[in-house]
There are 2 protein chains.
Amino acid sequence: MTELEKGPQGRRRGRGARERILSASQQLFREQGINRTGMDQLCAAAQVSKRTAYQHFTGKDELVAEYLRRFDPSVLSGVFDRTDLTPRERLLAAFDIPPATPLCPYIGAAVELHDPQHPASQYARDYKKAVAARLADTAREAGAAEPEQLGEQLALLIDGAAARTRVLNADAFPTAAAIAAVLIDNAIPASSPRQPSDDRGTTGSAPVPVGGE
Amino acid sequence: MTELEKGPQGRRRGRGARERILSASQQLFREQGINRTGMDQLCAAAQVSKRTAYQHFTGKDELVAEYLRRFDPSVLSGVFDRTDLTPRERLLAAFDIPPATPLCPYIGAAVELHDPQHPASQYARDYKKAVAARLADTAREAGAAEPEQLGEQLALLIDGAAARTRVLNADAFPTAAAIAAVLIDNAIPASSPRQPSDDRGTTGSAPVPVGGE
DNA sequence: CCGTAAGCACACAGAGCGGTGTACATAACA
DNA sequence: TGTTATGTACACCGCTCTGTGTGCTTACGG
């Protein structure tokens, strides 16, 4: 609120229409789903005219893809960079998600759009692969015997917890965390939890994927 | 094809419109999703006039709920009754699903409908709970230390594999099966895989739930 | 033989959807 | 001052969706 909020008809009312549109997307798409959120409602929530919205995005599809791309997952970005935790603790921290998370939006988008070729679906795939890769990197760092396998397994647990939470309307992440603990204990040869600040670079998977296969 | 198939305008053309409608639902809802399948298309596929459809079902919502209710999951009904397998093998067999399974329709319905109060969503919850209960029963039968916990964990693995398969467009059930094997080995105190035909009754969870909370 | 039940064909209503066209208003910059 | 970029307000198009209304056809049963 520095120089923004010019007036009822001012040129820019809150630093760019784009941001407001994407911000409204974050809320509405997650609360109501993608298909059930019309462009009219979304523009109204963003306080942006529909005409403007279609000058920033060629269509709803592009908007949905951007929405997913802009989604900054608290889990991913927050967990993997925490050098105060051991790799092993980092792996487990991936299951400590805040309870106010309705559903992994990537799964939701893939199911709702129902088209694997949709840009958003492609990004969802890329993202999920990236998460698994990051988990694998951390597993390797933790000294796991087969880090790729463990990463894939932990990723599956996260997705399972997300899906089950949605269907049952009850938090399933504690169960997933319990399984994760077992898997990690089995995979790491009962030794070598590396020091926290000893971060030899991860093998180098990007924090966020860009292209679509 | 005994006395059915009367003619182009015969009174009954395949033993009841209801069956044909539900049969077409099984196919279309799974292939295309619920929201993307209109009643027009569905009625055309079922060779039933729209008017007739709405005399059998008060609306699409009821039809969707019936569709889920009639869904006979090959996994559930097939696996738990196989007395030729040990309980432990039965638990693992739950992950041997045929590769031609697009997505667990219960998850799909819960995500697509996006309303926990929808009859179909409620049934999906009940069904998922029933599966977990059956798994827990089998785990108990197999001599697991904490069967309820193991049942919930295996159920989470199944859901995770289903969700991940959908998002990644690649079969994730082998990974889930690998995890399941680890969990089962850890939970069963390295003894007592009961004889195949020794079926003392399971604790008694219904094969399919009926009411919705 | 006639009534009734079941179904069909078809048009239509009402709403919501994604997306566009048009005319106008404001602010920055030349 | 005038131009241009950006945005608004609002009507509108074509489409699809769920759901009905209406009248006709067929088969069965008393």
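Reminder, nothing fancy here: chain letters follow the sequence lines and each chain counts from 1.
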Asks: Once you round it to whole Å, what is the distance between P of dA6(C) and CD of Glu19(B)?
Replies: 14 Å
Asks: Whole angstroms only, please: what is the CE-P distance between Met39(A) and dC10(D)?
Replies: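 To the nearest whole Å, that distance equals 19 Å.
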Asks: Does Arg51(B) get its side chain close enough to the base of dG7(C), under 3.5 Å, for a donor-acceptor pair?
Replies: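 Such a pair does not exist between side chain and base.
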Asks: Would you indicate which nucleotide in dG19(D), dG7(C), dG18(C) comes nearest to any side-chain atom of His56(B)?
Replies: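 Selected nucleotide (nearest to the side chain): dG7(C).
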Asks: Just the rounded figure in Å: distance from P of dT22(D) to CD of Gln55(B).
Replies: 14 Å
Asks: Choose from dG18(C), dG19(D), dC8(C) the nucleotide whose nearest atom is closest to any side-chain atom of Ser49(B).
Replies: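 Nearest to the side-chain atoms of Ser49(B), counting from C-beta on, is dC8(C).
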Asks: In whole Å, I'd like the distance from the CG atom of Asp40(A) to the C1' atom of dG18(C).
Replies: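 Rounding to the nearest Å, CG of Asp40(A) and C1' of dG18(C) are 9 Å apart.
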Asks: Does a distance-only test, which skips hydrogens and angles, find a donor-acceptor pair under 3.5 Å between the side chain of Lys60(A) and the base of dG19(C)?
Replies: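 By the distance-only test, no, there is no pair.
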Asks: Measuring from the side chain of Arg20(B) (C-beta onward, heavy atoms only), which nucleotide among dA11(C), dC8(C), dG18(C) has the closest atom?
Replies: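 Closest nucleotide to the Arg20(B) side chain: dC8(C).
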Asks: Send over the distance from Tyr54(A) OH to dC17(C) C1', rounded to a whole Å.
Replies: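 After rounding, the reported distance stands at 9 Å.
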Asks: Can you figure out which of dG19(C), dT18(D), dG7(C) approaches the side chain of Ala17(B) most closely?
Replies: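 Output: dG7(C).
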Asks: Ring centroids only, cut at 6.0 angstrom: are Phe29(A) and Tyr67(A) within range, meaning strictly under it?
Replies: yes
Asks: In whole Å, I'd like the distance from the CZ atom of Arg36(A) to the P atom of dA15(C).
Replies: 18 Å
Asks: Can you tell me how far P of dG16(C) sits from NZ of Lys50(A), to the nearest Å?
Replies: 12 Å
Asks: Between the side chains of Arg164(B) and Glu152(A), is the shortest nitrogen-to-carboxylate-oxygen separation below 4.0 Å, so that they form an ion pair?
Replies: yes
Asks: On DNA chain D, nearest-nucleotide positions of Ala53(A) versus Ile34(B): which is more 5'?
Replies: Ala53(A)
Asks: Starting at CZ of Phe57(A) and ending at P of dG18(C), how long is that distance when rounded to a whole Å?
Replies: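 Atom CZ in Phe57(A) sits about 14 Å away from atom P in dG18(C).
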Asks: If you check the Thr52(B) side chain, which of dC8(C), dG19(C), dG19(D) turns out closest?
Replies: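 The answer is dC8(C).
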Asks: Given dG19(C), dT18(D), dT8(D), identify the nucleotide with an atom nearest to the side chain of Val48(A).
Replies: dT8(D)
Asks: Less than 4.0 angstrom from a charged side-chain N to a carboxylate O is my criterion; do Arg140(B) and Glu148(B) meet it?
Replies: yes
Asks: Relative to each other, are the rings of Phe71(A) and Tyr106(A) parallel, tilted or perpendicular (30° and 60° limits)?
Replies: perpendicular
Asks: Under 4.0 Å, heavy atoms only, any strand: does Thr58(B) hit a base, just the sugar-phosphate, or nothing?
Replies: nothing
Asks: Dump the intermediate steps for side-chain hydrogen bond (donor to acceptor under 3.5 Å, both in side chains) on Thr37(A) and Gln32(A), then the final yes or no.
Replies: CA-CA 6 Å; Thr37(A) 301; Gln32(A) 310 179 334; 3.1 Å; yes
